[in-house]
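Structure first, commentary second.
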Amino acid sequence: MSAGPSLLESTRRQFLSGGAGGIGTLALASLLAPRSLGGADGSAGFLRHAPRAKRVISLFMSGGPSHIDLFDPKPLLTERDGEPIPKSVIKDHKFAMIKEADPRIKGSPWKFARHGGSGLDVSELLPHTASVADDLCMIRSVRTETFNHGPAISFMTTGSARYGRPTLGAWLSYGLGGEAEDLPAFVVLASGVKIQPLLDSYWSSGFLPSQHQGVEFRSRGDPVLFLSNPDGVSSAARREQLDLLGQLNGRQLARFNDPEIAARIAGFELAYRMQTSVPELMDISSETAATHELYGTEPGRPLSFANNCLLARRLAERGVRFIQLFDMGWDQHANLAKDLERQCLGIDRAVAALITDLKRRGLLGETLVMWGGEFGRTPMSQGRGEDYGRDHHPHGFCMWLAGGGIRPGMTLGSTDEFGYHAQEERVSLFDLNATVLHCLGIDHRRLTYRFQGRDFRLTDVEGAPIRAVML
């Protein structure tokens with residue numbers, strides 16, 4: 001496997017240790033400046049072509065949205081509602097919560113219709129999303145091997161079900177850096193009902209230097225934890241403290257060449273700049289009434305997915321490389337009819353608004369938007385009666401992409417007639433990640449990092465860009 005950025009890491013270390021005086025003022029300024037590790041000529045080793053996208057916005061529906069109730073209509077489920085699903089379909093698969101020996105088929109109670117010139121099938125639960133159907137690329141054949149939330153979300157965010165690997169956002173921060181001086185390259189926003197824990201490992205830098213981990217922006221209190229100065233400490237006093245810390249840490253960095261010391265210096269300096277930039281960013285009251293009407297936003301409203309979508313557009317405008325929105329509450333093991341409707345109502349308008357807003361501002365072409373969760377839901381019901389739900393389902397489900405070099409208005413792949421197995425054009429997470437990296441100009445096989453004696457990459461030893469979905 002190519003060592004790509006590992007050579008770059010070696011070059012960085014030589015730079016930090018070079019010179020009779022160690023790291024000086026100019027070198028430190030260079031370290032702290034926003035940067036891209038790859039040049040347009042591909043000199044970094046992993047940038048192989050001109051990028052179509054500059055950034056990514058990931059809309060992650062944490063819990064597992066039901067593909068067969070939202071984007072993958074299956075008339076057969078309605079025809080055979082209440083019948084046991086054939087044993088040949090489920091084979092020897094295990095389920096997270098279904099305990100019945102003969103799980104029963106459950107058709108969707110919601111109607112589907114085709115929308116736009118592309119004729120994309122969308123449930124009546126998502127009328128606003130349906131209005132931007134021609135901007136979406138629907139993939140109906142995504143599959144994974146992990147059916148419990150923690151490992152499944154870890155897999156979808158890092159490419160490994162085991163904790164400790166870098167997330168996609170961290171890889172992009174490491175590989176491309178950020179474009180903004182006063183904001184992180186990787187920002188996380190969360191909303192929704194916390195049914196399942198939302199772990200900070202889902203935006204971890206793993207074994208990459210810690211400066212590449214995601215920074216969570218909160219809707220209550222300080223936007224970023226520990227960002228504000230303590231009572232009695234002025235901005236000028238904080239500046240003096242950071243200058244002294246920078247000198248001391250710089251000496252240690254020159255002596256030991258430890259990348260975590262560099263990360264600490266960069267973190268302190270970025271936090272200082274963020275004291276001004278983040279409050280301004282988070283204050284959406286400056287947006288026009290028309291924009292608030294488009295998104296359905298309310299300034300000051302806590303834990304709002306709509307507010308977070310608007311913030312995602314603002315972050316994209318300011319040069320943040322990877323923006324990840326987690327919306328919790330999609331784990332409908334019971335009360336599916338009520339809870340799925342509530343979840344869709346909370347995200348539908350804002351998702352369509354984000355696509356529309358990015359497009360009218362000329363940002364969609366350079367911003368890759370992703371929508372999906374850690375898996376889908378079973379075509380069989382969990383429980384009986386009106387309060388039924390659906391169990392976890394990794395064997396075939398839907399995700400969609402938009403913008404950033406992705407072909408709009410198309411559908412790729414399919415599941416079988418029960419919506420159970422990915423059938424045509426099966427897509428793995430490694431394929432998806434390879435596609436995302438390709439849209440950003442990166443050869444996924446070359447973006448590597450040496451750790452514990454071997455080269456790691458986001459796509460491990462698998463995956464290939466999905467050529468059919470790219471412009």
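Because only heavy atoms are used, hydrogens play no part in the values below, and waters and symmetry mates are left out as well, while side chains stay in. None of these values were measured; they are calculated from a predicted model.
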Exercise for review: Please assess F305 against Y295 for the test ring pair (Phe, Tyr, Trp, His ring centres under 6.0 Å), listing each intermediate value before the final yes or no.
Suggested key: CA-CA 10 Å; F305 181 81; Y295 282 87; 10.0 Å; no
Exercise for review: Evaluate side-chain hydrogen bond (donor to acceptor under 3.5 Å, both in side chains) for D327 paired with S191, printing each intermediate quantity in order.
Suggested key: CA-CA 5 Å; D327 188 61; S191 61; 2.7 Å; yes
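Of the N and O atoms on the side chains of S123 and D69, not one donor lies less than 3.5 Å from an acceptor on the other residue. With no hydrogens or angles considered, no side-chain donor-acceptor pair links E298 and H292 at under 3.5 Å. A donor and an acceptor atom, one from each side chain of S118 and D134, are located under 3.5 Å apart. No side-chain donor from either of T378 and H393 sits under 3.5 Å from a side-chain acceptor of the other. Side-chain contact annotation: H392 with D331, donor-acceptor N/O pair under 3.5 Å present. S201 and S204 are not linked by any side-chain donor-acceptor pair at a separation below 3.5 angstrom, with hydrogens and angles left out of the test. Residues H333 and Q382 have side chains that bring a donor and an acceptor to within less than 3.5 angstrom of each other. Between the side chains of S205 and H212, no donor-acceptor pair is found at a separation under 3.5 Å. When only modelled atom types and interatomic distance are considered, W203 and D200 share no side-chain donor-acceptor pair under 3.5 Å.
Other residues, nucleotides and ligands place no more than 12 heavy atoms under 6.0 Å from the CD atom of E145.
Between R349 and E293, at least one side-chain N (NZ, or NE/NH1/NH2) sits under 4.0 Å from a carboxylate O, which counts as a salt bridge.
Applying the side-chain contact (heavy atoms from CB on, under 4.5 Å) criterion to M410, with sequence neighbours excluded, gives C137, R407, L412, V469. When the side-chain hydrogen bond (donor to acceptor under 3.5 Å, both in side chains) test is applied to R360, the partners found at least two apart in sequence or on another chain are D357.
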